[in-house]
**Student:** 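If you scroll down you'll find the structure; I have some questions about it.
A quick note: this is a predicted structure, and the numbers were derived from the prediction, not measured. Just so it is clear: chains get the letters A, B, ... in the order the sequence lines come, proteins before strands, and each one is counted from 1.
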Number of protein chains: 2
Amino acid sequence: MLKIDDIRSGNQLAGARLIRLIENNEPSAIELLKLLYPLAGNAFMIGITGSPGVGKSTLIDVLILEFRKLDKKIAVIAVDPTSPFTGGAILGDRLRMQRHATDKSVFIRSMASRGQTGGLSRATKDTAIVLDVMGFEIIIIETVGAGQAQFDVAGLAHSVGIVCIPSSGDGIQAVKAGILETGNLFIVNKSDLPDAQASFHDLSAMLEMKQSSKTGWQPRVLKTVATNGTGVKEVAQTFLSHLDAMKKDGSFDAKQRELERFYFHTLLKDFAFEKINLFINKSPDIKHALTDIELQKEDPISAAQNVINKLCRFNN
Amino acid sequence: MLKIDDIRSGNQLAGARLIRLIENNEPSAIELLKLLYPLAGNAFMIGITGSPGVGKSTLIDVLILEFRKLDKKIAVIAVDPTSPFTGGAILGDRLRMQRHATDKSVFIRSMASRGQTGGLSRATKDTAIVLDVMGFEIIIIETVGAGQAQFDVAGLAHSVGIVCIPSSGDGIQAVKAGILETGNLFIVNKSDLPDAQASFHDLSAMLEMKQSSKTGWQPRVLKTVATNGTGVKEVAQTFLSHLDAMKKDGSFDAKQRELERFYFHTLLKDFAFEKINLFINKSPDIKHALTDIELQKEDPISAAQNVINKLCRFNN
């Protein structure tokens with residue numbers, strides 16, 4: 001039987017077990033989370049995002065070392081399906097990550113997609129609550145892509161770092177496409193490649209244009225070579241500077257409220273799905289309708305409206 | 001006033017107007033879609049997916065020409081936020097795409113994220129229905145990434161092409177990470193780069209291993225250089241071969257049922273969200289709860305459960 005105190009004391013075995021229950025969407029995990037929730041809220045949540053191949057995992061690998069030098073307890077939740085943490089990379093990468101395996105102040109966990117819309121975002125937040133209560137002071141969420149409606153890391157993290165690589169298009173292009181607003185820190189990784197300086201200047205210029213009218217934190221652009229550690233110390237320091245700045249100018253509280261609201265909405269969506277799925281699986285009417293819909297004998301739009309009108313009623 | 005007949009006759013102005021109404025989630029668009037739905041179901045839906053920078057748009061640009069040579073009416077829906085169609089690319093790309101602007105048998109539309117989970121997938125399918133009724137025989141859906149639960153192009157397309165680039169990791173790594181099952185056709189673009197042959201063989205070997213036990217269509221691997229058109233004719237032919245094969249072995253009907261089921265589930269989720277959002281915005285209880293949640297005075301898990309239990313009731 002899992003106990004709150006085991007999580008509070010930072011027992012890694014207990015933590016790992018609870019996270020597994022969360023992933024399996026066990027009712028007992030939900031009840032435990034309700035009790036853990038009031039104890040959480042101390043961790044600094046960092047989002048690290050970028051296209052596959054830009055070197056996010058390598059960067060995080062070194063970031064862990066930098067935060068450990070500052071004696072921070074650090075956890076990583078990898079949502080990126082191409083991350084070595086989630087089994088998406090070559091053996092060498094995975095072995096390299098193992099160097100943190102004996103450090104009890106480091107916890108690395110991958111989240112597999114549960115195949116449900118909303119489910120992944122909720123499972124990630126649920127897991128972060130567990131890690132927070134376990135005493136991890138920094139929690140990094142690694143994900144592919146930002147600015148996508150479907151998994152919005154900005155709804156889960158206090159500070160977001162966007163990783164790109166120098167190139168005549170790719171990384172910078174992705175940044176252009178509407179994620180400029182999401183990043184608090186931009187990292188031009190593999191900056192020993194040609195075009196690094198140009199990419200750095202492009203990004204800086206774009207950010208300056210965007211930000212000139214705003215007050216508060218100005219997004220920074222940093223250059224790294226994660227494979228040899230160059231510049232990663234500055235990345236760690238800049239994340240911490242961003243946290244300090246938010247706490248000083250009061251924007252941290254506003255951000256925290258935003259994250260709580262995001263979580264609430266995620267939960268609403270997820271619980272509604274569960275209800276709908278239960279309803280679909282139990283109702284013989286709907287099973288019958290589904291057959292007609294599959295054979296294109298019935299218009300699915302009207303059918304779906306009917307189901308939802310039947311299921312969801314306002315009571316106040 | 002938009003008329004069904006204007007859509008049926010392929011009037012591009014009417015089509016574009018209806019698609020705009022769909023994007024804005026106008027109730028009148030939903031009513032029109034119900035009437036259009038029984039008239040659709042003739043188009044061959046192709047999904048083209050891959051990481052940013054692999055050259056999807058350039059490939060599609062040439063694919064359009066190849067399908068036009070076969071006298072096919074072709075439409076493109078770009079869901080990829082880094083696509084030039086959606087405004088994510090450099091001016092040169094966008095100008096290049098303009099060459100189809102005077103061809104009335106080509107229709108290109110980008111879908112902006114509506115910021116709702118499920119919303120983008122539904123808007124894409126709704127748009128495809130309009131284009132289908134307008135007489136477009138082939139509809140290409142361009143998207144970043146496959147195998148992600150959130151926007152699953154496999155739920156929208158009869159045939160899925162996954163584009164990657166030769167490299168010592170990146171493209172192939174992304175393919176490894178669980179999207180091998182999704183692709184019916186793998187395209188190694190930029191195959192004039194070093195490592196092209198190795199990437200081609202890696203992919204072919206991986207597919208052979210996966211597929212050896214299956215019957216029916218065996219996924220193909222093709223090499224292209226989209227920028228000069230090399231290999232793109234074969235891509236067009238292979239998509240059409242896949243369609244033929246599915247029609248011959250009966251798997252097309254099964255796939256079609258799968259797509260209808262996916263659409264129905266997408267609609268259920270989307271309509272449920274709308275109900276929930278309406279409920280949240282109208283209910284003073286929930287507004288009040290939200291304030292407490294934002295200030296972490298109330299556990300959002302219990303609060304969300306209460307809302308959904310209040311809103312969703314089984315009636316049969």
Side-chain angles (χ1 to χ4, degrees), chain A residues 30 33-34 37-38 41 51-53 81-82 88-90 113 115-118 120 144-145 147-151 169-170 173-174 176-178 257 260-261 263-264 267-269 271-273 275-276 279 283 285 290 293-294 296 299-305 307-308 310-316, chain B residues 30 33-34 37-38 41 51-53 81-82 88-90 113 115-118 120 144-145 147-151 169-170 173-174 176-178 257 260-261 263-264 267-269 271-273 275-276 279 283 285 290 293-294 296 299-305 307-308 310-316:
Chain A
I30 295 175
L33 275 170
K34 286 182 191 173
Y37 178 82
S51 298
T82 67
I90 46 172
S113 165
Q116 284 185 329
T117 318
L120 193 54
V144 207
Q148 313 257 1
Q150 281 69 20
F151 187 88
D170 182 4
Q173 176 178 320
K176 270 187 195 168
R257 284 198 297 275
E260 300 304 331
R261 199 164 56 235
Y263 184 39
F264 182 54
L267 288 163
L268 286 173
K269 288 173 193 170
F271 290 148
F273 282 169
K275 281 269 181 200
I276 292 164
F279 187 62
S283 158
D285 285 3
L290 197 53
I293 285 163
E294 284 181 4
Q296 293 170 274
D299 131 42
I301 307 165
S302 306
Q305 279 181 333
V307 170
I308 299 302
K310 206 170 172 182
L311 176 61
C312 300
R313 289 171 187 281
F314 292 97
N315 294 295
N316 59 343
Chain B
I30 296 175
L33 274 170
K34 287 181 191 173
Y37 178 82
S51 298
T82 67
I90 46 172
S113 164
Q116 283 185 330
T117 319
L120 192 55
V144 206
Q148 314 257 1
Q150 281 69 20
F151 186 87
D170 182 4
Q173 177 178 320
K176 270 187 194 167
R257 284 198 297 275
E260 300 304 331
R261 199 163 58 236
Y263 183 40
F264 183 54
L267 289 164
L268 285 174
K269 288 173 196 170
F271 290 148
F273 282 169
K275 281 271 182 199
I276 292 164
F279 187 62
S283 157
D285 286 3
L290 197 53
I293 286 163
E294 285 181 3
Q296 293 169 273
D299 131 42
I301 306 165
S302 306
Q305 278 181 333
V307 170
I308 299 302
K310 207 169 172 182
L311 177 61
C312 300
R313 289 171 187 279
F314 291 96
N315 294 294
N316 62 342

**Student:** Quick one: closest heavy-atom pair of Ser302(B) and Lys34(A), and the distance?
**Tutor:** OG-CD, 3.1 Å
**Student:** Please state whether the side chain, the backbone, both or neither of Tyr37(B) comes within less than 4.5 Å of a heavy atom of chain A.
**Tutor:** side chain
**Student:** Could you pull out the closest heavy-atom pair between Ile308(B) and Phe271(A), with the gap in Å?
**Tutor:** CG1-CB, 3.7 Å
**Student:** Please report the shortest heavy-atom distance between Ile301(A) and Leu33(B), naming the atom on each side.
**Tutor:**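 Scanning both residues completely, I find the closest heavy atoms to be CD1-CB, 3.6 Å.
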**Student:** Val307(B), Leu268(B), Leu267(B): which one forms the most heavy-atom pairs within less than 4.5 Å of chain A?
**Tutor:** Leu268(B)
**Student:** Side chain from CB out, backbone as N, CA, C, O: work out which of these in Tyr263(A) comes under 4.5 Å of a heavy atom of chain B, or both, or neither.
**Tutor:**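 It is the side chain, since no backbone atom gets that close.
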**Student:** Just so I know, are the side chains of Phe264(A) and Glu294(B) near enough to count as touching, which here means a heavy-atom distance under 4.5 Å?
**Tutor:**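 Contact flag for Phe264(A)/Glu294(B) side chains = no.
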